[in-house]
Amino acid sequence: MGPKGIKGELGDVGDQGNIGKTGPIGKKGDKGEKGLPGIPGGKGKAGTVCDCGRYRKVVGQLDISVARLKTSMKFVKNVIAGIRETEEKFYYIVQEEKNYRESLSHCRIRGGMLAMPKDEAANMLLADYVSKSGFFRVFIGVNDLEREGQYVFTDNTPLQNYSNWKEGEPSDPYGHEDCVEMLSSGRWNDTECHLTMYFVCEFVKKKK
C-alpha cells in the first residue's frame with residue numbers, strides 16, 4: 001500500500017436536508033420601554049337625556065301591579081271548593097289558614113267581608129258549603145271584640161234577628177273567645193281570635 005495522497009478539492013454544496021425538530025421555547029424577554037402617547041381620538045356623540053325618575057316610577061308601578069296580580073291569582077286558585085250564591089251574594093271558602101283579623105283583611109282587600117249569615121237560609125247554605133267541602137270549621141263574620149258578650153256582625157249590626165249558637169255557646173269563662181266559627185253542622189261557636197283556620201268571604205253582587 002503506497003503513502004496517503006494529497007487532500008482533494010472541496011466538492012459542490014449538496015441539497016438541503018430535512019428540517020429538524022423545534023427546539024425548546026426560550027424564557028420570556030424583558031418588558032420593553034413604554035411607547036410614545038398616541039394621537040387623541042375624535043369627540044364622541046352627545047348622549048340622549050334619560051328621564052330616569054319617570055321610568056323608575058313606571059317600573060315601580062308595574063312591580064306593584066304584578067304583585068297584586070299574583071295575589072289575586074293565588075286567591076282564585078285557593079277558592080277550589082267552589083262557589084255558592086244567592087240572588088244578592090257570592091260566597092267563597094278561602095283555603096288559607098289565617099287568624100280572624102287576617103281573614104277580615106283578606107276579604108276586605110278583595111272587596112268583600114267575612115261571611116255574615118243573617119238568616120236561616122244563608123246559614124243553611126254556608127253549612128252545606130262547609131260540610132260538602134269536607135271541612136270541620138271556618139271563621140265567619142261575628143265577634144264581640146268591642147264589648148264582651150255583645151256579639152255583632154262585622155258590619156257592626158247586632159244579632160237581634162238571627163243566631164245559631166251550638167248548645168251551651170257562647171261560653172267564654174276567661175274572656176278570651178271573642179271570635180266566632182261555624183261548624184260543619186251550621187252551629188256557631190265562640191273561639192279565640194288568634195287561632196288559624198279557613199274562612200268564608202261574601203261578596204255583594206253588582207246590580208245590572
Determine whether Glu85 and Lys205 make a side-chain contact, defined as any pair of heavy atoms from C-beta on separated by less than 4.5 Å. yes
Among the clusters formed by ILVMFWY side chains lying less than 4.5 Å apart, do Tyr162 and Ile140 turn up in the same one? yes
ILVMFWY network linking Tyr92 to Val204, side-chain heavy atoms under 4.5 angstrom: no
Asn143 side chain reached by Thr154 side chain, heavy atoms, under 4.5 Å: yes
Would you indicate whether the side-chain heavy atoms of Arg137 and Leu183 approach each other to under 4.5 Å? yes
Going by heavy atoms in the side chains, are Glu97 and Tyr198 under 4.5 Å from each other? yes
State whether the side chain of Ser65 and the backbone N or O of Gln61 hold a donor-acceptor pair below 3.5 Å, judged by distance alone. yes
For the aromatic rings, using the six-membered ring if either is Trp, is the centroid distance between Phe139 and Tyr100 under 6.0 Å? yes
Distance check, rounded to the nearest 0.5 Å: Arg108 atom CZ versus Ser103 atom OG? 11.0 Å
Taking the side chain as C-beta and beyond, is there a heavy-atom pair between Phe199 and Cys201 under 4.5 Å? yes
Check the hydrophobic clustering (I, L, V, M, F, W, Y; side-chain heavy atoms under 4.5 Å; chains of links allowed) and say if Ile83 and Phe203 are grouped together. yes
Student check: side-chain heavy atoms of Cys193 and Asn99 closer than 4.5 Å: no
Tyr151 side chain to Leu159 backbone, donor-acceptor under 3.5 Å: no
Would you compute the distance between atom CD1 of Ile93 and atom NZ of Lys132 and round it to the nearest 0.5 angstrom? 12.0 Å
Using only atom types and a distance under 3.5 Å, with no angle test, would you say the side chain of Asn164 pairs donor to acceptor with the backbone of Gly186? yes
Using modelled atom types only, decide if a donor and an acceptor are shared between the side chain of Glu192 and the backbone of His194 within a distance under 3.5 Å. no
Interatomic spacing from CE in Met197 to CD in Gln95 - rounded to 0.5 Å: 14.5 Å
Lys89 NZ: over 12 foreign heavy atoms closer than 6.0 Å: yes
Can a side-chain donor-acceptor contact be found between Lys118 and Thr157 if the only test is distance below 3.5 angstrom? yes
Closest heavy-atom contact between Met182 and Pro117? CE-CG, 4.0 Å
Could you pull out all residues at least two apart from Leu125 that satisfy side chain to side chain contact (heavy atoms under 4.5 Å, CB included)? Arg84, Thr86, Tyr91
Would you check if there is a donor-acceptor pair between the side chains of Trp165 and Asp190 at a distance under 3.5 Å? no
Counting C-beta onward and ignoring hydrogens, is there a side-chain heavy-atom pair between Met116 and Glu202 closer than 4.5 Å? yes
Mind checking whether Leu195 and Val138 sit in one hydrophobic cluster, side chains of I, L, V, M, F, W, Y counted as touching below 4.5 Å? no
For the student: nearest non-hydrogen atoms of Met113 and Cys107, plus distance: C-CB, 3.6 Å
Distance (rounded to the nearest 0.5 Å) between Glu102 CD and Thr196 OG1: 8.5 Å
Within 6.0 Å of CD in Glu146, more than 12 heavy atoms from elsewhere: no
When every non-hydrogen atom of Trp188 is compared with those of Val180, the smallest separation belongs to CB-CG1, 3.9 Å
Say you draw a straight line from CZ of Arg147 to CD of Gln150; how long is it, rounded to the nearest 0.5 Å? 4.0 Å
For Ser184 against Ser131, the heavy-atom pair lying closest together: O-CB, 3.8 Å
State whether a side-chain donor-acceptor pair under 3.5 Å links Glu181 with Asn189. yes
With heavy-atom distances below 4.5 Å as the criterion, would you say the side chains of Leu145 and Arg101 are in contact? yes
Are more than 12 heavy atoms, taken from residues, nucleotides or ligands other than Glu120, located less than 6.0 Å from that residue's CD atom? yes
